[in-house]
Amino acid sequence: MSFPDQLTNDLKSALTSVGITELPTAPTVTVSQDTRFGDYQSNIAMVLAKVEKKNPRELAQQIADHFPEDSISAKPEIAGPGFINFRIKPEVFAAHIENVARDPESRCGHTPVAEAKTIVLDFSAPNVAKPMHVGHIRSTIIGDTLARIARFSGHHVITDNHIGDWGTQFGMIIHGWKTILNTSELENDPITELLRVYKTINDQCKADESVRNLCKAELVALQAGDEENLQIWQRCVELSIAGLKGIYEKLDIHFDHWLGESAFNGRLAPLVTRLIDEKIAEESDGAICVFFPDIKALKDRPCLIRKADGGFLYATTDLATIDFRVQEWQADEIWYVVGAPQQLHFQQIFEVAKQMGHKVALNHIAHGSILGDDHKLMRTRSGENVQLTDVLDEAVSRSRAAIEAKNPGLSDDEKDDISEIVGIGSVKFAELSQHRMTDYVFSWERMLALTGDTAPYLQYSAVRIQSIFRKLEKPQEEIDTLLTTSPVTLSENAELELARQISRFPEIIPTVLDGFRPNLLCTYLLDLARAFHSFFEACPVLKAEDKSTINSRLVLAHATVRTLTTGLSLLGMKVPEKM
RNA sequence: GCGCCCUUAGCUCAACUGGAUAGAGCAUCACACUUCUAAUGUGAGGGUUACAGGUUCGAGUCCUGUAGGGCGCGCCA
């Protein structure tokens, strides 16, 4: 259990001793911003004082006087208008560090949730036959991280890449395939050739209505089951998926399922029939719509589920997909990591799902947009977007250059591995370290920075620790014994601050899932790494005065690297041995 | 027109959901490598949290209004 959870329990029992059993809100314990105010603090006395019309400081004092002696905190102190400040006993910190260093499962003090849920995570979902551009990076990386963290927390997570493999774009692609396809280029570099075909026909469509009609006809034929068109479609999907998998491989992101839109084609017509039968949907101007007269925000915004021409829409597929995920996977929750512009769409389909009787908890985890130089949204259609694969390649080559400059003595293989780990890590961390709702203008500089609050800063602290253990020059078994038997004592400020940060890991993980906020984990890891770098400068490990200090600091360093590595792995990032 | 989201240091961003003196990085300046890896550390300067009210012991955070920006609103996904 995390320290604030333990303190909250102690606080509750103190409140009971004082005679307060009915609380307006659950008492909360938060970290102190400044260690002058202890390690953690609670404002419960001020909250209660307001309700009970009592003096907050007196109430705080009463609570402090009844605080359990065996708590992880020393006797609480009262400060300011009525804060209750807790200072964790140094031996509690020390014991925690020992546990983190020795835990065979390397959970860094975190305990899995009591109630595991089945969570389906829908993210990335690129369109087929168009390469991923930088705009896709957010959903992909945020979704993967949330999947990792939910899994680490003990949930049953199912990731599904709901690719756009069935839509109007295929009208254009099939028409292009039949008219302007360069087959040797297609073999050479399928993704680029498919993009060229798509872009060319797209431009033609804009200028020429007859082309538009030809595309429409191809689409209708495809949807009607035309043999030739189906084969072309199939081939496109295969080629695209192969290309996508290359990128996901580089990113170290993997999906349990790839159930694209086409997988639900058979469910669309019955679904619409059902919605009509249950009086949820009705006909309007030839289309089938769901209206929401009772919901203020959706009053004039019906959800279309069937076009007047009989075709189905985005919302139809998404609703059919919910059915599937609930029936086949027993989903308790479905999380959609999709950009904020689609908020209305999700409000609508969530409401329809509710009316259909679904109990599943549906969450749209919205994120901001990546903007172009003109501060406008990057559009796939403009075609001039920076491709994701170029960003990754550039990231790797920039970190390669940094390694050449900083550590030229390494072998070429080592340099390759490290530049991959650092480069990809940099892109991921740049994305994850900011609030997901923030819009930002794409810049190479920003996404690929290698100094300051970045991936290499975190990776470098792990590398420094590993270097200490290498310098020990002892066999692994001896090191393991040392780590499992040496007691930890924390006397220097830098040691205490480092231990304090390590101890915070268990309390961070739930807050990340609470608000779907990976940036909180990033901030935490930066704090942890900063505490380590300070410790590293202030406290020699191998050259400490005496044997017990050396061993104590080795355990502390090991607990640090474990927590760092675990935290980074939850962000989908790796740590090199050297850099 | 209606709805949702933004506006915090010169720049890029945080702020654990109402807490104490609003924090980091970049950039600037000054120090620290014969030392466990300087992709680092120590310190300095930098703020009317867009603006105006309100709620209360206490507001960047909540409510109202104003200005500026983005996005979305029936047959695309």
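Hydrogens, waters and symmetry mates play no part in the numbers below; they use all other heavy atoms, side chains included. None of these values were measured; they are calculated from a predicted model. Each chain gets a letter, A, B and so on, in the order its sequence line appears, and its residues count up from 1.
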Is the distance from OP1 or OP2 of B/U40 to the nearest side-chain N or O of A/K406 less than 4.0 Å? no

Given pairs defined as Watson-Crick or G-U wobble with both distances under 3.5 Å, what dot-bracket annotation applies to RNA chain B, with ( ) intrastrand, [ ] crossing, | other strand and . unpaired? (((((((..((((.....[...)))).(((((.......))))).....(((((..]....))))))))))))....

Kindly state each residue pair satisfying salt bridge (Lys or Arg N to Asp or Glu O under 4.0 Å) with at least one member in residues 287-307 of chain A, sequence neighbours excluded. none

Heavy atom of residues 447-462 of chain A under 4.0 Å from RNA chain B: which residues? A/L450, A/G452, A/D453, A/P456, A/Y457, A/Y460

Do A/R530 side-chain and B/U40 base share a donor-acceptor contact under 3.5 Å? no

At less than 3.5 Å, do the side-chain atoms of A/Q41 and the base atoms of B/A20 form a donor-acceptor pair? yes

Need one value for [X]: base, sugar-phosphate or nothing, where a base atom within 4.0 Å counts as base even if backbone is also close, heavy atoms only.
X      : result
A/D285 : base
A/L520 : sugar-phosphate
A/H345 : nothing
A/L313 : sugar-phosphate
A/C539 : base

Who pairs with A/W444 by ring pair (Phe, Tyr, Trp, His ring centres under 6.0 Å), at least two apart in sequence or on another chain? A/F442

Contacts of A/H558 meeting ring pair (Phe, Tyr, Trp, His ring centres under 6.0 Å) (sequence neighbours excluded), chain-then-number -> none

Apply side-chain hydrogen bond (donor to acceptor under 3.5 Å, both in side chains) to [X] and list each qualifying residue two or more places apart in sequence or on a separate chain.
X      : value
A/S548 : A/D546
A/D5   : A/S2
A/Y336 : none
A/H533 : A/R464

Please classify the glycosidic conformation of B/U17 as syn (within 90° of 0) or anti (everything else). syn

Assigned glycosidic conformation for B/C33 [threshold 90° from 0]: syn

Please write out the pairs of protein N or O atoms and N or O atoms of nucleotides 1-9 of chain B separated by less than 3.5 Å, giving the distance to one decimal.
| unit_1 | atom_1 | unit_2 | atom_2 | d |
| --- | --- | --- | --- | --- |
| B/C2 | O2' | A/R301 | NH2 | 3.4 |
| B/C2 | O2 | A/R301 | NH2 | 2.9 |
| B/C4 | O2' | A/Q343 | NE2 | 3.1 |

Name the atoms and distances for all side-chain donor-acceptor pairs under 3.5 Å in residues 160-172 of chain A, with sequence neighbours left out.
| unit_1 | atom_1 | unit_2 | atom_2 | d |
| --- | --- | --- | --- | --- |
| A/D160 | OD1 | A/L259 | N | 3.1 |
| A/D160 | OD2 | A/R325 | NH2 | 2.9 |
| A/N161 | OD1 | A/A125 | N | 2.9 |
| A/N161 | ND2 | A/Y248 | OH | 3.1 |
| A/H162 | NE2 | A/T321 | OG1 | 3.3 |
| A/D165 | OD1 | A/E261 | N | 3.0 |
| A/D165 | OD1 | A/S262 | N | 2.7 |
| A/D165 | OD1 | A/S262 | OG | 3.4 |
| A/D165 | OD2 | A/S262 | OG | 2.7 |
| A/Q169 | NE2 | A/G164 | O | 3.2 |

Would you tabulate the nitrogen or oxygen pairs shorter than 3.5 Å linking the protein to nucleotides 55-61 of chain B?
| unit_1 | atom_1 | unit_2 | atom_2 | d |
| --- | --- | --- | --- | --- |
| B/G58 | O6 | A/K50 | NZ | 3.2 |

